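Down below is the structure, laid out as structure tokens.
Computed from a prediction, not measured in an experiment: that's the story for all the values here.
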Amino acid sequence: MDVARFTASPLGHVVRLAGVDGRTRRPYEHWAYVADPLAAEPPLGGAAWRAVARAGHALGRLEQAGRQMPEPALLSPDPPVVGGVAGVM
């Protein structure tokens with residue numbers, strides 16, 4: 001890890017990790033980047049909230065379409081195999 005690239009980050013900080021490997025008994029030293037915690041709810045603008053609403057609406061339509069399919073398992077990447085023939089139930 002290039003520590004210099006992460007040291008001045010406004011979104012987290014770099015910490016030093018050091019210890020002794022339990023298996024080899026050799027000491028080690030590394031660096032890790034620790035991101036700051038996210039806010040409870042990210043501040044989204046109006047355009048982002050409209051996109052979230054459109055996505056929720058599209059998921060609802062997809063769920064409704066799936067409920068109307070007589071054999072939704074046929075769309076599975078691994079269709080069921082019955083009698084040696086895939087996709088036949």
Does anything in residues 25-51 form a salt bridge (Lys or Arg N to Asp or Glu O under 4.0 Å)? List the pairs, not counting sequence neighbours. R16-E29
Counterpart residues, side chain to side chain contact (heavy atoms under 4.5 Å, CB included), relative to [X] (two or more places apart):
X   : value
R61 : H57
L11 : S9, Y33
A32 : V15, L17

Residues sharing W49's hydrophobic cluster, by side-chain heavy-atom contacts under 4.5 Å among ILVMFWY, directly or via others? L44, V52
Each residue besides L59 in its hydrophobic cluster should be listed here, by chain and number; the cluster joins Ile, Leu, Val, Met, Phe, Trp and Tyr at side-chain heavy-atom distances under 4.5 Å. none
